[in-house]
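Written below as structure tokens is the structure these notes are about.
Residue numbers begin at 1 in each chain, while the letters A, B, ... track the order of the sequences.
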Amino acid sequence: MAASPLLELRGIDKSFGPVQVLHDVGLSVYPGEVTALVGDNGAGKSTLVKCVSGIYTIDAGTVTFDGKQVAIHTPRDASTLGIEVVYQDLALCDNLDIVQNMFLGREKVKGIVLDEPTMEQMAGDTLAGLSVRTVKSLRQLVASLSGGQRQTVAIAKAVLWNSRVVILDEPTAALGVAQTAQVLELVRRLADNGLGVVLISHNMNDVFAVSDRIAALYLGRMAAQVKTADVTHSQVVELITAGRSGNLGLPPETPNDFVDITPAGDER
Amino acid sequence: MSTTATTPSAGAVKVQKPTVASHVNDYWGRVRGGDLGALPAILGLVVLCLIFGAARQDTFLSTLNFANLFSQGAQVILIAMGLVFVLLLGEIDLSAGFASGVCGAVMAILLTNHGWDWYTAVPAALITGLVIGFVLGFLVAKVGIPSFVVTLAAFLAFQGILLVLLSGGINVSVRDPFVLKLANSNMSVLWSWVLAIGSVVAYAALQLNRIRSRAARGLTTDPVGIVALRIGGLALVLLVATALLTQERSINPVIISVKGVPIVVPIIAFFLVLWTFVLSRTTYGRHVYAVGGNAEAARRAGIPVDRIRISVFVIGSFMAAIGGILAVSRANSVDPNTGGSNVLLYAVGAAVIGGTSLFGGKGKVVNAVIGGAVVAVIDNGMVLMGYSSGVKYIFTGLILLIAASVDALSRRRAAATGT
């Protein structure tokens, strides 16, 4: 890949009190590629995402976005840069419709009045850009949508703002087979549109189906970041469970490492 | 009109073109799915009016009584409007009744004991309401005490403040002509008609303008039949009501002539339009619904959840102050029970009976008006039927329970059917 990373993390440390959850983590996200972020429960995936999205502040390390070093302190900072996160629990309001959800917190206004026609048009264009073909109405309440449709709305909400990096936290965890395929197709299309996509997943089939690169976290350390084409299914599983696989991954643990990182069992 | 052809709309997404039939279908689907809205309240209102009307044709159905319903219901309806905001967040304000009493007492004492003019005393009462609301909201949002406890404490404390303000229970009477007019006078016949026709014309203009601007952008529009039905329905209700209220309704017209729409009607209408606009057409209103629907999603979307939470209590207590002013005006005085006894429960009942959910996220300001009408009709009709207060309270309590059950069951049903 000739392209330089769109988002690059280096040497990220994060502790909660005495518990150090992230140790010297590095991650590169390339435009037009899907980077799968994998790791066992408590490996620090969610913490890393929250650091990038501005919910947590990092203790040490640098974040480089589009070649420039940036500081992300609040979710606003992240969205200003063009980093959007689609959370596992979706963060949609059931009592609002599709358009209202997509513009939540960033409504278009004319004077003091909401500019509904403009929002409806933009929402329609965005959904069309994601090849969402038919919805009954853009004014349908989110409560009445299926799981896959809700995930689609959440993703559409993230790409509505000309975002450059979209982070998806387990987008297929609660979906059936057909809907999973639908959402993965959508994830692939985001990357094909030139966005940097980070896909957090436990499902190896999903990871191998759509990702270009795989980054494996092991107990708060980045075990390896490899091209998907270069590794096998079982190598990735070893990276997740043992932190190394053959000559890939972390050096063998020393007892000191163990003492240091054992408390990191709490995925925050 | 009943085709379900898709039409390119809203950018490039294909959406179903709405027709009269699809509208009716959607509505029926929502009702079956448990989203009843104001339907039970409207049906209940009709049934109650038929029962009371049949039993007491000469008194309940008189124009005098019809006009009375408005001034009787005004305080409850106005407080309920404010409570809709609080309920939308899934919170409760049990102190609204006595807050309205305290605000009314502040006004009455400033007018009568301190010789203030109405244009300083009324704002003083309103500011009292704003301050009360801010304190309640702060305690709930920032300190984190459940609203039930905060407002239950405030309920008791305000009752005490009212007693202290009235030096242990002295009745303070009000003689200011402006304040007395608010709940006791009527508009002239001419102005009554101007208001009614003006409202219909303005509503029709808004609806048609909306269709035009959406059609110009190629977005789906509501079918003409539905829009005509809405405008026609509003016109029918307003014009018939105005026609009735502009009749002579004095018991002895030779001595004094009583006709015209009561002044409380434009006051209620003003706040109905204002708060409906705020809730459905502004960013603030959208955020209120969002916080009520999913506070965590709202927080992640960058909405200042705490500020929204404080603001709804401010609006709630502000509307309680308005209600208190009207209550003082109607009674010509303030006493330790102004805003006490059943006022709060009637107001909560009005909001819930009208279709506002106790679980947050669902409700409109118009629910408070419809529910308030139900409560006023029960209160009024049962007195005319000669029932005691005891029976009246039991009946109102039962109606509130039924409304709350409808709310809870429709929520379960919505969860089960996924609509």
Side-chain angles (χ1 to χ4, degrees), chain A residues 53 55 74-76 79 85 87 89-147 154 156-157, chain B residues 4 6 8-18 22 26 29-30 33-35 88 210 213-222 277-278 280-287 289-305 357 359-363 414-415 417-419:
Chain A
S53 62
I55 291 177
T74 65
R76 278 273 139 127
S79 45
V85 184
Y87 291 100
D89 44 4
L90 296 172
L92 296 177
C93 291
D94 277 353
N95 60 336
L96 300 182
D97 66 34
I98 296 175
V99 179
Q100 291 172 340
N101 262 295
M102 285 174 67
F103 282 85
L104 191 60
R106 293 183 277 198
E107 291 84 359
K108 297 272 172 207
V109 288
K110 253 191 207 159
I112 57 162
V113 185
L114 290 168
D115 188 359
E116 301 283 0
T118 301
M119 289 195 275
E120 194 165 329
Q121 225 163 15
M122 284 177 70
D125 289 341
T126 304
L127 285 171
L130 295 171
S131 302
V132 175
R133 279 167 202 86
T134 49
V135 281
K136 201 164 136 217
S137 161
L138 289 172
R139 290 296 173 186
Q140 219 178 336
L141 292 188
V142 162
S144 67
L145 300 179
S146 72
K157 180 183 175 185
Chain B
T4 51
T6 57
S9 181
V13 168
K14 294 213 195 297
V15 296
Q16 223 173 68
K17 184 173 170 54
S22 77
D26 283 358
R30 281 207 301 277
D35 183 8
L88 272 178
R210 182 152 173 264
S213 79
R214 286 180 63 91
R217 290 174 179 247
L219 298 170
T220 56
T221 53
D222 291 337
F277 171 79
V278 166
S280 61
R281 293 272 171 269
T282 67
T283 312
Y284 170 75
R286 182 65 42 84
H287 292 176
Y289 280 111
V291 174
N294 186 344
E296 179 57 20
R299 193 183 66 78
R300 287 184 188 174
I303 294 170
V305 174
S357 173
F359 303 98
K362 208 181 87 191
T417 57
T419 52

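In this structure, Leu104(A) and Ala297(B) approach most closely via the heavy-atom pair CD2-O, 4.4 Å. The two residues Arg214(B) and Pro117(A) come nearest to each other via the heavy atoms CG-CG, 4.5 Å.
Contact check for Asn294(B) versus Leu92(A): no side-chain heavy atoms found under the 4.5 Å cut-off. Between Thr220(B) and Arg139(A), every side-chain heavy-atom pair lies at or beyond the 4.5 Å cut-off. In this structure, Phe277(B) and Ile112(A) have side chains that are in contact, with non-hydrogen atoms separated by less than 4.5 Å.
Interface remark: Val113(A) contributes backbone and side-chain atoms alike to the contact with chain B (heavy atom separation under 4.5 Å). Looking at Glu116(A), the atoms closer than 4.5 Å to chain B (heavy atoms on both sides) all sit in the side chain, from C-beta outward. Proximity to chain B involves both the backbone and the side chain of Gln100(A), based on heavy atoms less than 4.5 angstrom apart. For Thr118(A), the parts lying under 4.5 angstrom from a heavy atom of chain B are both the backbone and the side chain.
Considering only heavy-atom pairs separated by less than 4.5 Å from chain B, the leading option among Gly105(A), Ser146(A), Ser79(A) is Gly105(A).
Here Leu114(A) contributes atom CG and Thr283(B) contributes atom OG1; the two are 4.5 Å apart, rounded to the nearest 0.5 Å. Note that CG of Asn95(A) and NZ of Lys362(B) are 10.0 Å apart. Values are rounded to the nearest 0.5 Å.
Put simply, the side chain of Gln121(A) gets close to the backbone of Arg217(B): a donor and an acceptor are under 3.5 Å apart.
Here Arg210(B) pairs with Asp222(B) under the salt bridge (charged side-chain N to carboxylate O under 4.0 Å, His left out) rule; sequence neighbours left out.
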